[in-house]
**Q** 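Mind looking over this structure? Questions follow.
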Amino acid sequence: MIRRLIPLLALLLLAGLAPRLLPSFHVTLLNYIGLYSLVALGLVLLTGIGGMTSFGQAAFVGIGAYASAVLTTHYGLSPWLGLLAGLAITLVVATALGLLTLRLAGHYLPIGTLAWGLALFYLFGNLPGLGGFGGLQNLPNISLFGWQIRDSADFSLLIGVLLVISLWLLDNLLHSRQGRAIRTLKDSAGMAEAMGIDTARSRLQVFIIAALLAALSGWLYAHLQRVVNPTPFSVVMGIEYLFMIVLGGVASLWGALLGATLLTLIKQVLQDVLPQLFGHADNVEMIFFGVLVILVLQYARGGLLPVLSRLVPAAKPRPLPEHAAHALPRRTMPANGQPLMVAEGLLKQFGGLVANKDMGLTVHGAEITALIGPNGAGKSTLFNLLSGVLAPNAGQIVFLGQRIDGLSPRAIARLGVSRTFQHVRLLPDMSVLENVALGAHARGKAGLLRSMLHWERKEEAALLAEARRQIERVGLGDALHTPAGSLPLGQQRIVEIARALCSDPLLLLLDEPAAGLRYGEKQALAHLLEQLRGEGLGVLLVEHDMEFVMGLADQIVVMEFGQRLAGGTPVQIQQNPAVLAAYLGGVE
Ligand code: ADP
Ligand code: MG
């Protein structure tokens with residue numbers, strides 16, 4: 001806590017003291033750094049962490065600036081009303097643009113942001129009442145309880161305070177349930193949906209936060225400059241904001257500040273030096289930035305902050321409360337022996353390839369069902385059908401009496417079905433604890449605002465305590481704070497099991513959980529699965545190690561060529577002539 005507050009207090013002190021210590025020209029530079037930092041902070045969240053590249057942030061800065069410029073110069077209203085209006089318009093525009101563009105995958109999203117970035121820029125230049133490309137002049141001062149915020153020294157304090165508040169809110173957000181969800185957006189949305197996380201909603205929220213920060217920066221900019229025109233809100237500036245986070249560090253809030261500082265200072269120096277070399281020329285510094293960004297991308301992909309932070313000792317992880325005061329809700333287990341999941345007549349085709357055909361199985365609570373069959377038999381496809389990742393072309397799946405085929409993975413996860421993946425899907429840079437806590441996402445309620453204000457302490461403590469409990473239960477208690485990606489692959493699979501358990505499931509779907517485990521680890525896993533069975537959970541697992549399966553499973557289903565070849569107890573399967581011929585015999 002203290003460690004997080006010290007840099008914020010230092011920043012505040014800088015904002016307060018700078019005007020007393022530095023000439024006003026330097027204070028003005030600091031102010032611009034602060035304004036750019038606000039936009040870059042949003043962009044770190046959106047692009048660096050959320051994985052959504054936007055070239056259009058400058059347009060939101062423009063909305064914040066123009067809204068206040070129009071209301072204060074044309075209608076004589078207070079800049080504070082201008083701020084409210086700017087934020088409100090940004091909220092509406094960002095929601096609309098977000099709903100339209102955020103579902104675009106791959107490079108279509110950046111192209112979409114270029115499109116609206118350009119469109120809004122020309123709108124600023126052409127909309128009647130905005131003064132064309134000449135803009136609007138004579139914006140009034142902001143005043144706060146009689147304090148006239150007039151010169152750069154006054155602004156320095158206002159910008160400093162707003163920047164510190166923004167940093168604090170975003171830092172809280174990133175260390176919360178909502179923040180963990182945001183961190184899945186970049187590469188792991190499919191996994192996140194299987195953990196019950198609404199990734200589309202999370203995307204939109206991040207987009208809106210970034211837009212609001214940009215609009216706030218625009219409002220400050222307008223009243224600091226006291227004139228607005230479209231130029232600073234163009235796509236070129238949108239690209240400069242991206243450069244800032246690339247230089248500073250795309251994935252961290254302080255990277256945004258570092259990037260804004262570097263870009264502003266280097267630009268200032270270059271604008272003094274370059275004209276002497278090139279004669280009079282416009283924006284020659286962009287040539288330099290182009291080269292610099294390419295070098296950074298080549299040699300310090302994460303930006304300069306990670307390089308610098310290697311020089312200081314890493315922060316200790318936040319201590320975990322020993323006991324959570326607040327217990328998470330739990331599901332009631334259905335009565336023993338009741339079928340949990342019944343699948344019938346499933347058909348799944350990938351073009352001409354039939355991956356599952358007339359496939360069916362029943363999984364009971366308090367039982368371990370093993371799904372075996374050679375590679376390519378269709379086991380993972382069946383898992384994807386049962387968990388909603390794929391929709392069957394025909395057939396039905398019933399979970400606790402309810403049809404679930406056609407439901408989204410998120411809806412199925414929220415009913416109590418949790419899974420692991422054959423190809424491990426963890427966030428490698430995030431700690432084991434945070435990865436596992438993702439599994440408990442649907443058991444928390446705290447929304448965005450509560451998370452930003454850190455008013456979800458009790459719930460957050462309970463979620464982390466639950467994650468820790470599951471990690472200790474699977475035997476990885478020593479690895480709580482280890483980045484998940486640095487564990488051996490076998491243990492990463494175990495982390496996935498802990499994550500699945502965190503959702504308090506009724507049914508666990510484990511796709512090759514024992515692959516890559518050593519003998520002792522397999523035994524520990526078998527012991528854990530037996531324990532879960534004892535608690536009433538249903539387990540369906542895919543496994544190739546016959547000794548492991550035969551000793552553990554209550555029921556075995558054998559698949560071949562996408563179809564069910566046989567089903568029964570281990571003894572029945574071992575004596576089944578079709579199985580012996582097709583599969584077991586083939587192996588031996
Ligand atoms: P298993 O898990 O039993 O090894 P899979 O379910 O992964 O088998 O694969 C069954 C068959 O379906 C394989 O021939 C595989 O190549 C094919 N398959 C699986 N997923 C896809 C997909 N998304 N697109 C096309 N073919 C697929
Ligand atoms: Mg498979």
Side-chain angles (χ1 to χ4, degrees), residues 105-106 187-194 341 343-363 368-397 404-409 412 417-426 489-490 492-497 499-500 507-517 522 525 529 539-546 548-550 552-553 555-567 573 576 578-579 581-587:
D187 301 311
S188 312
M191 177 277 289
E193 289 279 332
M341 190 178 262
E344 284 168 353
L346 292 178
L347 172 70
K348 183 65 200 177
Q349 291 169 301
F350 296 110
L353 185 122
V354 182
N356 269 206
K357 189 177 162 196
D358 197 22
M359 184 58 205
L361 53 67
T362 300
V363 186
I368 297 174
T369 306
L371 183 62
I372 64 173
N375 270 330
K379 305 177 298 294
S380 293
T381 302
L382 179 62
F383 264 48
N384 287 336
L385 295 174
L386 298 179
S387 59
V389 172
L390 296 172
N393 299 107
Q396 65 169 34
I397 307 166
I404 59 163
D405 46 285
L407 291 187
S408 68
I412 294 175
V417 181
S418 203
R419 67 168 293 176
T420 64
F421 297 88
Q422 181 178 349
H423 303 288
V424 171
R425 297 202 200 166
L426 295 169
L489 198 60
Q492 294 190 25
R493 291 185 189 285
I494 303 295
V495 173
E496 285 216 332
I497 297 179
R499 184 178 67 197
L507 173 61
L508 263 185
L509 307 177
L510 308 176
D511 199 348
E512 307 205 10
L517 293 189
K522 277 193 187 179
L525 174 63
L529 296 179
V539 178
L540 176 66
L541 63 93
V542 172
E543 186 44 59
H544 290 295
D545 180 339
M546 283 306 132
F548 181 82
V549 167
M550 295 299 168
L552 185 65
Q555 296 291 327
I556 296 180
V557 174
V558 187
M559 273 187 95
E560 194 188 34
F561 304 124
Q563 281 174 299
R564 182 185 170 112
L565 184 67
I573 292 298
N576 185 313
V579 176
Y583 182 49
L584 295 176
V587 171

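Every value quoted in this text rests on a predicted model; they were computed, and no experiment measured them. Atoms within a ligand are numbered from 1 in the order they appear, just like the ligands themselves.
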**Q** Tell me the nearest of S380, G376, G352, G562 to atom 11 (C) of ligand 1, using heavy-atom distances.
**A** G376
**Q** Decide whether an N or O pair under 3.5 Å exists between L353 and ligand 1.
**A** no
**Q** Out of all atoms in ligand 1, which are within 4.0 Å of some heavy atom of K379? Include the element for each.
**A**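 Listed by number with element, the hits are 1 (P), 2 (O), 3 (O), 4 (O), 6 (O), 8 (O).
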**Q** Could you pull out all donor-acceptor pairs under 3.5 Å where a side-chain atom in residues 349-363 meets a protein atom, sequence neighbours excluded?
**A**
| from | atom 1 | to | atom 2 | distance (Å) |
| --- | --- | --- | --- | --- |
| N356 | ND2 | G378 | O | 3.0 |

**Q** Short question: side chain of K379, backbone of E512 - any donor-acceptor pair under 3.5 Å?
**A** no
**Q** Strictly inside 4.0 angstrom of atom 17 (C) of ligand 1, do you find any protein heavy atom?
**A** yes
**Q** Return the set of protein N, O or S atoms whose distance to the Mg ion (ligand 2) is under 2.8 Å, each given as residue and atom.
**A** S380 OG, Q422 OE1
**Q** I'd like to check the side chain to side chain donor-acceptor pair (under 3.5 Å) partners of N393; sequence neighbours left out, ordered by chain and number.
**A**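 Counting only residues at least two positions away or on another chain, N393 forms no side chain to side chain donor-acceptor pair (under 3.5 Å).
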**Q** Under a 4.5 Å cut-off applied to non-hydrogen side-chain atoms, are N384 and R419 in contact?
**A** yes
**Q** Got the closest protein heavy atom to atom 8 (O) of ligand 1, with its distance?
**A**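 Ranking protein heavy atoms by distance from atom 8 (O) of ligand 1, first comes G378 N, 3.2 Å.
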**Q** Taking V558 as the fixed residue, which of L565, N576, L371 is the one that meets the side-chain contact (heavy atoms from CB on, under 4.5 Å) rule?
**A**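 Filter result, single survivor: L565.
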**Q** Which one of N375, T381, N356 has a non-hydrogen atom at the shortest distance from atom 6 (O) of ligand 1?
**A**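 The nearest heavy atom belongs to T381.
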**Q** So is G373 in contact with ligand 1, going by heavy-atom distances below 4.0 Å?
**A**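 Per 4.0 Å heavy-atom rule, G373 does not contact ligand 1.
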**Q** Checking E543 side chain against F548 main chain: does a donor-acceptor pair fall under 3.5 Å?
**A**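 Flag not set: sc E543 to bb F548 has no pair under 3.5 Å.
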**Q** Quick check: does any side chain N or O of D405 sit under 3.5 Å from a backbone N or O of I397, one acting as donor and the other as acceptor?
**A**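 Checking the backbone N and O of I397 against the side chain of D405, a donor-acceptor pair under 3.5 Å is found.
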**Q** Does any N or O atom in A377 lie less than 3.5 angstrom from one in ligand 1, N or O only?
**A** yes
**Q** Among all the protein's heavy atoms, is there at least one whose distance to atom 1 (P) of ligand 1 comes out below 4.0 Å?
**A** yes
**Q** Indicate yes or no: does D545 engage K522 in a salt bridge with an N to O separation below 4.0 Å.
**A** yes
**Q** Apply side chain to side chain donor-acceptor pair (under 3.5 Å) to R493 and list each qualifying residue two or more places apart in sequence or on a separate chain.
**A** none
**Q** Going by distance only, is there an N or O of F350 that falls short of 3.5 Å from an N or O of ligand 1?
**A** no
**Q** Donor-acceptor pair, E496 side chain versus R425 backbone, under 3.5 Å?
**A**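 Judged by distance alone, yes, a pair lies under 3.5 Å.
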**Q** Can you tell me how far the CG atom of L510 sits from the OG1 atom of T420, to the nearest 0.5 Å?
**A** 4.5 Å
